[in-house]
Structures are given as structure tokens and as C-alpha cells.
Visitor: 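Submitted below is the structure of interest, expressed as C-alpha cells.
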Amino acid sequence: MVRDEIKALVEAAITNAQDAGALPDFSMPPVEILRPKQEGHGDYSSNIAMIAAAAARKAGGGKVNPRQIAQAIVDHLPADALVGKTEIAGPGFINFYLADDWLQQQVGVIVEQGDKFGNLGQGEGQYWQVEFVSANPTGPIHYGGARNAALGDSLSNVLEAAGYRVQREYYVNDGGSQFDHFAATLYARYAQLLGQDVPVPEDGYQGEYMIDYARTVVHEYGDRFLQMDRDEAIDALKPIGEDIVLAALKKELAGMGVIFDNWFREQSLYDEGLVQQALDYLDERGELVRRDGAVWFLSSKYPKNDKDTVVVRSTGKPTYFAGDIAYHYDKFFRRKFDKVVNVWSVDHQGHVARMSAMMQAFGLDPDRLVILMYDLVKLIRDGKEVKLSKRAGNLITIDDVVKEVGADALRFNLLTRAPESTIEFDLDLAIAQEKENPVFYVQYGHARICSILEKASEKGLATPEHDAKRTPARLVLLTHPSELTLIRKLLGLEEQIETAIERLSPHNLTHYAIDLTKTFSAFYRDCYVADPENPELSEARLLLSQATRIVLAKILALLGISAPEQMWLEDKKDLID
RNA sequence: GCCCCCUUAGCUCAGCGGAUAGAGCAUCGGUCUUCUAAACCGACGGUCGUAGGUUCGAGUCCUACAGGGGGCGCCA
């Protein structure tokens, strides 16, 4: 990555300068390389001289002029192909300008690497899990879950691009009372379909979809569950109902392009005795206590926790948290993930401290479990918020929103905001502004490049492919400012991926995609690409277009959004026909 | 009462210690005989919630306060 290379150059320059006696032999603070916002301040800059001056002053070295330190560093910079010019500016910034001839050749590097460009491999050898969505398996998913799905899935994509091995997991909460209510409801709907007068329980699920599920049961199993008594039938219906609902969940999530590697059933933790095993482990470590007939986890001894937590009720039934303990015991001790990211909505925020306590009680580094918290999605229709509940059966599902606005627009929109910001998603606006949606802007940019490449080939120009002999000689023709600006922007992909991983959020990638598309538009405006009169320059520009297409397609893939090869507006299409 | 998040342009949001705070939308102008006008160019628009503090330097870090949201069960 360019930034790291520049950093290495600065570090080397400091050492050189100290060896030469041009800089005092004090220990230098870590070198930071910045991306100046302001044009005219270089492609990269370093504030090291100012920081060093402050450090020297504190160490009693008296007043030191940062600009002198900067000068000493610049004087001792090793020569490197990528740096074209350096300058000292302002209070002591060192600004670096990338060399044009180096930039030009990077186009060849991108085209050669193709969809591998940007994969830096920093996660090589690391095994991570991203657990996300994990909505109760009791029916279609509330639209808020779409944000969870988009975040978890895109984050997984980004991690994989960086070389991490990633497992995408859905935790199926089939062990608690909610799932009991689900099975009881399924039984009621099933019996009703077969002419019995069995009411849906009060704490059951009123939604129409339960009737569809019941219909599937009738279709596949006939009336056999009516031969049993109610409790026996409900037990028998549990695994059947679970299969049905999981199939529905998979389909709904696939509708927005999300596929899980593993569906982990809470119930399996009980069936395999893992809950007991995990609790025994904590007990041996002195983390549990019996009190008031219940078993408590002594969470209050850990920071940020003000109370203890019941893990086994006085009735003998384990709490949900006991399952969570076993689940994470499994993640870290049995499956041995290096790091686990749980994507949770803010309303679970109260559990975060307890999860950290649990990790410490396990004797594990709490940083190996990251809770990625995202805020709510407020759905706005007719100027007011839509508030609904699954239990009442009048919820708006992911499927509903996907049908209204499309999976691509939905994902892009959800991934444009930082996880901790509340999203106001105005459905009317989303539909009315369909053409103005930034996702189409980016997709259109990709389609436009495809179209240019196609036109070029019709005009008899060579398709842009990397060729070690030909391309370097062509690429030196890319001297227009819009060409060089575009190349600079393309090289930013690596840093963008790194940033997304640092923050465990891909939302910077959507902004980068818009930015890159805009930069391409300027190039498209200023530089005619496919010109048979100018085959050599055309070849160079086609390579640059191809490199841009590669990067745009890559970002869209990371975001889980399609990269169409063509897009036509309805009225325009008519004109063509 | 305690804990967490948010407050930046009319609206929706980026910006996570650097040099003159950005984008999209909206509004107002201007661009299609030429590789897709789902595009491009220009204009308008901000005492970054308030008050202190740390720093050579603060939208960014710390403290307090105000406003908004969420969370504090032998529920999940």
C-alpha cells in the first residue's frame, strides 16, 4: 500500500539523518502518514516534524524548529520510484507528491491483478466468525434486520478480501419460550385448517404467514398430528416447523444476497450437554454461586457490570444467557475462532458488558469478542414512522422492503451510514427518487465503462489486457490531469479496505464508490476514450477504463450489490429500438 | 437513578488529532448531431448542540450541561 511505503521511506530517512548527525539521536515517535484534504498539499503528508519537535521540547532539548527537522528528513529520504516531489509546508508538514510515471504504470498493475486488486492479505492465517441477523426463527424478518444482514454480510466480504478466513453464522434461537409459542401457534393454525376450533394462543404469533406454514404441514403430513394429544403434537411439530421457517428465512435473506455458512441451533447446545459443560467450567473457576435457589454468574466483579446474572432459574431451567455462555464457549474453546464479531441491534446494548465479563470469566481476552452495535432503522411512510410488531402480525418484512425498493438500493442505502447512526428510511422518498439514488449512479458508472469497452471493440480497437511488453509504453501517454486524478483515486481502494476493517464497518466503501464514479465521470468528460484515429492513446485509456471497471466491480461485490453491464432508462430504450 | 449512542448546510448523512469542514438530495441557472444526459458544469447554503479544558493544532480527545434515541427481569 502506498501509505505504508511512504511511511517506510520516512522512517528510513530519520535513521539516515540521525546516522549522519543531521538529527539528534532521540527516539522518534511513531510516524503517521496523512491524506491531506486540501489540494496543493500533496498526495500524502507527514506531521512527524511537528510531533518530534514537541517531543524534543518535552525531553528538555529546548526549542526546536519543526521545519528544520522536516528539512533534515527530506534531505535524507531514500530515492524511490513512487515519490515524484516533496516539499515542506506550513508549520512543518512534509508533503509527498506521487510521481506521474509511477502512477501511470499502476494502471497495468490493477488490470493484471484484476479482482484480486486491493487484497492485501493482512488477515492471512486468521479465522474469524461473523455472527449476524440471528432473528428469532418465528417468522419473516422485520425490516430492521436488513441492516444487520447488510452489515454482517459486507463486513464478511471485506474480511475475506483481506485474507481472513470467515464463517458467516446465524444463531437460531429455537431453545426458548418464543419458539414454544411459535410451535403452539403452528399447531393451532394446523388444527384450524383441518376444521378444528383451536384458537391461536394469546402469546402466539398472529401473522397470516403462520397459516401458510401450517398449510405446508397439512400438505406434507396430512392430519396425523391431530391423532396425538396437544402437547405431544406441538413437540412433534417443533422440528417440522423449524425446517419450514428456516427455509423461509434463507429465502428471504437470499433475496438481499445474503447466504450463511452455518445455521447454529441453540437447542443443540442443550442436546449435546454443552450448556452444562460451560457452566461447570465457570463453576470450577469460581465464577458461579448459588443464591435464592438459583445459580448466578458473578458478573458484578467485572468492570461496567453492576449486577450479577441468573444462569439457572430456581425452577432448574437455564436462562437465555446460559445458552449464550455455552454458545460462546463453543465458539472459542471448541471451534477456536481467533475473533468473533456479533452484529447486534442497539436494543441489546445492555448485554455488552456482560459478554465482556463472560469472556474474562472464561479466562479469555475480551477483545476477541467484538459486539458490532448498529442503531435502528426508522421506516417513514407518509411522513410518519411506521411502528409494527411481529407478534401482532402486521410487520413490514425485509421481503416487503426489497420488493419496494430493490435489494441493491436497500443495501447501498443501509451501508452508506455509520452503524451507530439512526437511519431514517423514507419509503416514499426512496421510491420517488428512484432515479436519483446514488446506487444507480455507481452502477451506471460501471455500465457506462462496459459500454465504452464494447464500443471500442466494435471500432476495432484492442480489448484492454495486461501485456508486459505493450502496456508500459502505452500507459506513459496518460498525462491528462483527469487521467492522473483517476489513477490516484483507484489506488485508494487498498486504504479503503483497510479502513473498513479497522472500523468493522464498510460504510466508507459506499462513499468511496460514489467518489470514484464521479472521478471517472470527469475523465470521461475530458478524455475521449475510444478513438480509432489515436489507437495508442486509446489503448492506454481503455486500460485505465478497464482498471476503473475492476475497482468499481470490486467495491460493489464487497457491498453485495450487482454490477450491471448495461442500464437503460425506459424512454431511452425505446429510442434505441 | 445508572449505562450506551446521537446532535455538522433546508433534508439525509460523511468526516474518528492536522493546514481553507464535504457529499447526495432539495432550490436556482446552464450543457445532448460526437464512447449511455440514470450524466456534466455553475450558484445558493455552516458561529460543527452549549460552556469549559488538553494540545504547537480540536468537528475529531476530556469534563459538565441541554436536547433526541436506546438499555437497565429468575424475558428473549
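So you know, we letter chains A, B, ... as the sequences are listed, proteins then strands, and number each from 1.
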Visitor: Would you indicate what I423(A) reaches in the nucleic acid, counting non-hydrogen atoms under 4.0 angstrom: base, sugar-phosphate, or nothing?
Guide: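 Counting heavy atoms under 4.0 Å across all strands, the contact made by I423(A) is with sugar-phosphate only.
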Visitor: Which nucleotide wins on minimum distance to the side chain of S45(A), given the candidates U12(B), C35(B), A19(B)?
Guide: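 Output: A19(B).
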Visitor: Please tell me if R503(A) has a side-chain N or O lying less than 4.0 Å from either OP1 or OP2 of G15(B).
Guide: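 The answer is yes; a side-chain N or O of R503(A) sits under 4.0 Å from OP1 or OP2.
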Visitor: Checking side-chain polar atoms at under 3.5 Å, does Q443(A) have a donor or acceptor matched by the opposite partner on D408(A)?
Guide: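 Yes, D408(A) and Q443(A) have a side-chain donor paired with an acceptor closer than 3.5 Å.
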Visitor: Looking at the side chain of K459(A), which of C75(B), C35(B), A19(B) is the nearest nucleotide?
Guide: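 Nearest listed nucleotide: C35(B).
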Visitor: Kindly compute the distance separating OG1 (T138(A)) from CG (L186(A)), expressed to the nearest 0.5 Å.
Guide: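 Result: 12.0 Å between the selected atoms.
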Visitor: What is the base-pairing partner of A64(B), counting Watson-Crick and G-U wobble geometry with both distances under 3.5 Å?
Guide: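 Base-paired to U50(B).
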Visitor: Nearest whole angstrom, please: distance from the P of G71(B) to the CG of D306(A).
Guide: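 My rounded result for the distance is 16 Å.
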Visitor: Would you say K378(A) reaches G69(B)'s phosphate, i.e. side-chain N/O to OP1/OP2 under 4.0 Å?
Guide: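 Answer is no, no contact under 4.0 Å.
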Visitor: Nearest to the side chain of S521(A) - G15(B), A14(B), C40(B)?
Guide: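 Among G15(B), A14(B), C40(B), the one nearest the side chain of S521(A) is C40(B).
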Visitor: Which nucleotide in the list C40(B), A19(B), C4(B) gets nearest to the side chain of Q349(A)?
Guide: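 Side chain of Q349(A) sits closest to C4(B).
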Visitor: Does A14(B) have OP1 or OP2 sitting under 4.0 Å from an N or O in the side chain of S421(A)?
Guide: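 Answer is yes, contact under 4.0 Å.
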Visitor: If we take the C1' atom in both C25(B) and G45(B), what is their distance in whole Å?
Guide: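 It works out to 13 Å between them.
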Visitor: How about E533(A): does its CD atom have over 12 heavy atoms from other parts shown lying under 6.0 Å from it?
Guide: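 Incorrect, the count does not exceed 12.
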Visitor: Between R354(A) and E420(A), which residue's closest nucleotide on RNA chain B lies nearer the 5′ terminus?
Guide: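 Nearest-nucleotide comparison on RNA chain B picks E420(A).
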Visitor: Taking U60(B) as the reference, what is the distance to G49(B) when you measure between their C1' atoms (whole Å, please)?
Guide: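 So the two C1' atoms sit 16 Å from each other.
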Visitor: Kindly say if H507(A) contacts the phosphate of G15(B), meaning a side-chain N or O under 4.0 Å from OP1 or OP2.
Guide: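 Checking G15(B) against H507(A), a side-chain N or O does come within under 4.0 Å of OP1 or OP2.
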Visitor: Could you work out the separation of A58(B) and G52(B) based on their C1' atoms and round it to a whole Å?
Guide: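 About 14 Å, rounded to a whole number of Å.
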Visitor: Just how far, in rounded Å, is P of A58(B) from CE of M50(A)?
Guide: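 My rounded result for the distance is 12 Å.
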Visitor: Quick one: label N95(A) by what it contacts on the DNA or RNA (base, sugar-phosphate, nothing), any heavy atom closer than 4.0 Å.
Guide: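 Contact class for N95(A): base.
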Visitor: Would you say R313(A) reaches C75(B)'s phosphate, i.e. side-chain N/O to OP1/OP2 under 4.0 Å?
Guide: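 So the side chain of R313(A) is within the cut-off, an N or O lying under 4.0 Å from OP1 or OP2 of C75(B).
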Visitor: Can you tell me how far the CG atom of L453(A) sits from the CD atom of E458(A), to the nearest 0.5 Å?
Guide: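 Going from the CG atom of L453(A) to the CD atom of E458(A) covers 11.5 Å.
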Visitor: What does U55(B) pair with, Watson-Crick or G-U, if both distances are under 3.5 Å?
Guide: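 U55(B) is unpaired by these criteria.
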Visitor: OP1 or OP2 of A37(B) less than 4.0 angstrom from a side-chain nitrogen or oxygen of Y524(A), does that happen here?
Guide: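 Checking Y524(A) against A37(B): at least one side-chain N or O falls below 4.0 Å of OP1 or OP2.
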Visitor: Based on the glycosidic angle (syn within 90° of 0, else anti), state the conformation of C32(B).
Guide: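 Classified syn.
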Visitor: I'd like to know if K518(A) reaches the base of G22(B) with its side chain, counting only an N/O donor and acceptor under 3.5 Å.
Guide: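 No.
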Visitor: Hey, does the side chain of K304(A) come within less than 4.0 Å of C4(B)'s phosphate (OP1/OP2), counting only N and O?
Guide: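 Looking at the OP1 and OP2 atoms of C4(B), one of them is under 4.0 Å from a side-chain N or O of K304(A).
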Visitor: Would you call Y528(A) stacked on U34(B), i.e. ring centres under 5.5 Å apart with the planes less than 30° off parallel?
Guide: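 Stacking between Y528(A) and U34(B): absent.
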Visitor: Parallel, tilted or perpendicular: which one describes the rings of W344(A) and H348(A), with boundaries at 30° and 60°?
Guide: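 Geometry flag for H348(A) against W344(A): tilted rings.
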Visitor: Ignoring hydrogens and angles, does a donor from either the side chain of S314(A) or the base of C74(B) sit under 3.5 Å from an acceptor on the other?
Guide: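 Side chain to base: pair present.
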Visitor: Which class fits the ring pair Y170(A) and W263(A): parallel under 30°, tilted 30 to 60°, perpendicular over 60°?
Guide: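 Aromatic pair Y170(A)/W263(A) classed parallel.
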Visitor: Find the partner of C25(B): check Watson-Crick (N1-N3 plus N6-O4 or O6-N4) and G-U wobble (N1-O2, O6-N3) distances, both under 3.5 Å, and reply none if neither fits.
Guide: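 Here C25(B) is engaged in a pair, and the nucleotide opposite it is G10(B).
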Visitor: Of all the heavy-atom pairs spanning F93(A) and S45(A), show the shortest one and how long it is.
Guide: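 Looking at all heavy atoms of both residues, the shortest contact is CD2-OG, 4.4 Å.
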Visitor: Go through C35(B), C3(B), A19(B) for me and flag the one nearest to the A89(A) side chain.
Guide: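 In terms of side-chain proximity for A89(A), the closest of C35(B), C3(B), A19(B) is A19(B).
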Visitor: In terms of side-chain heavy atoms of N47(A), which of G18(B), C74(B), C35(B) is nearest?
Guide: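 Looking only at heavy atoms from C-beta outward on N47(A), the closest nucleotide is G18(B).
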Visitor: Under a 3.5 Å limit for both distances, which nucleotide forms a Watson-Crick or G-U wobble pair with G1(B), could you say?
Guide: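 Result: C72(B).
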Visitor: With both distances under 3.5 Å as the test, what is the Watson-Crick or G-U wobble partner of A38(B)?
Guide: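 Its partner is none (no Watson-Crick or G-U wobble pair with both distances under 3.5 Å).
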Visitor: Indicate, with a heavy-atom threshold strictly under 4.0 Å, whether A418(A) touches base, sugar-phosphate, or nothing.
Guide: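 It contacts sugar-phosphate atoms only.
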Visitor: If you measure from CG on L269(A) to CG on D174(A), what distance do you get to the nearest 0.5 Å?
Guide: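 Answer rounded to 0.5 Å: 9.0 Å.
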Visitor: Between the base of A14(B) and the side chain of D515(A), is one N or O donor paired with an acceptor at under 3.5 angstrom?
Guide: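 For D515(A), whose side chain was compared with the base of A14(B), there is no donor-acceptor pair (under 3.5 Å).
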Visitor: Under 4.0 Å: is that the gap between some side-chain N or O of R525(A) and OP1 or OP2 of C41(B)?
Guide: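 For R525(A), the contact criterion (side-chain N or O under 4.0 Å from OP1 or OP2 of C41(B)) is met.
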Visitor: Which part of the nucleic acid, if any, lies within reach of C450(A) when heavy atoms closer than 4.0 Å are counted: base, sugar-phosphate only, or nothing?
Guide: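 Answer is nothing: C450(A) stays at 4.0 Å or more from every strand.
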Visitor: Calculate the interatomic distance between R417(A) atom CZ and A14(B) atom P; express it in whole Å.
Guide: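 Rounding to the nearest Å, CZ of R417(A) and P of A14(B) are 7 Å apart.
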Visitor: When rounded to the nearest Å, what value does the distance between C1' atoms of G10(B) and U55(B) take?
Guide: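 Looking at atom C1' only, G10(B) and U55(B) are 36 Å apart.
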Visitor: Please state the C1' separation for the pair C11(B) and U20(B) - nearest whole angstrom.
Guide: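 26 Å, rounded to whole Å.
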Visitor: What is the nucleic acid contact for Q566(A), judged by heavy atoms within less than 4.0 Å: base, sugar-phosphate only, or nothing?
Guide: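 Base, at least one base heavy atom under 4.0 Å.
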Visitor: Side chain of W296(A) only, please: which of A39(B), C13(B), C74(B) is the nearest?
Guide: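 When the side chain of W296(A) is considered, C74(B) is the closest of A39(B), C13(B), C74(B).
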Visitor: From CD of E502(A) over to P of U60(B), roughly how many Å is that when rounded to an integer?
Guide: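 To the nearest whole Å, that distance equals 20 Å.
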Visitor: Hey, is the side chain of D347(A) pairing donor to acceptor with the base of G70(B) inside 3.5 Å?
Guide: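 No, no donor-acceptor pair under 3.5 Å.
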Visitor: Taking the side chain of H41(A) as heavy atoms from C-beta outward, which of A19(B), A38(B), G24(B) is closest to it?
Guide: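 Between A19(B), A38(B), G24(B), the one nearest the side chain of H41(A) would be A19(B).
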Visitor: Starting at CZ of F93(A) and ending at P of G57(B), how long is that distance when rounded to a whole Å?
Guide: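 After rounding, the reported distance stands at 13 Å.
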Visitor: Would you call the rings of F264(A) and Y327(A) parallel, tilted or perpendicular if under 30° counts as parallel and over 60° as perpendicular?
Guide: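 Tilted, since the angle between the ring planes falls between 30° and 60°.
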Visitor: Measuring from the side chain of L376(A) (C-beta onward, heavy atoms only), which nucleotide among G69(B), G15(B), A14(B) has the closest atom?
Guide: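 Selected nucleotide: G69(B).
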Visitor: If you measure from the P atom in A21(B) to the same atom in C44(B), how many Å do you get, rounded?
Guide: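 Here A21(B) and C44(B) have their P atoms 15 Å from each other.
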Visitor: Please measure how far the C1' atom in G24(B) lies from the corresponding atom in A39(B), and state the result in whole Å.
Guide: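 My reading of the C1' atoms in G24(B) and A39(B) gives 15 Å.
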Visitor: So, S421(A) versus D375(A): side-chain donor-acceptor pair below 3.5 Å or not?
Guide: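 Note: S421(A) and D375(A) side chains miss the donor-acceptor criterion.
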Visitor: Closest approach to the side chain of E424(A), judged atom by atom: which nucleotide of G15(B), C13(B), G24(B) is it?
Guide: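 Nearest listed nucleotide: C13(B).
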Visitor: Give me the distance, rounded to whole Å, that separates C4(B) from C41(B) when you measure between the C1' atoms they each carry.
Guide: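 One C1' to the other, the span is 45 Å.
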Visitor: Distance check: side-chain N/O of R448(A) vs OP1/OP2 of A37(B), anything under 4.0 Å?
Guide: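 Yes.
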Visitor: In whole Å, what is the span from the CD atom of E87(A) to the C1' atom of A19(B)?
Guide: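 Checked: the CD to C1' distance equals 12 Å.
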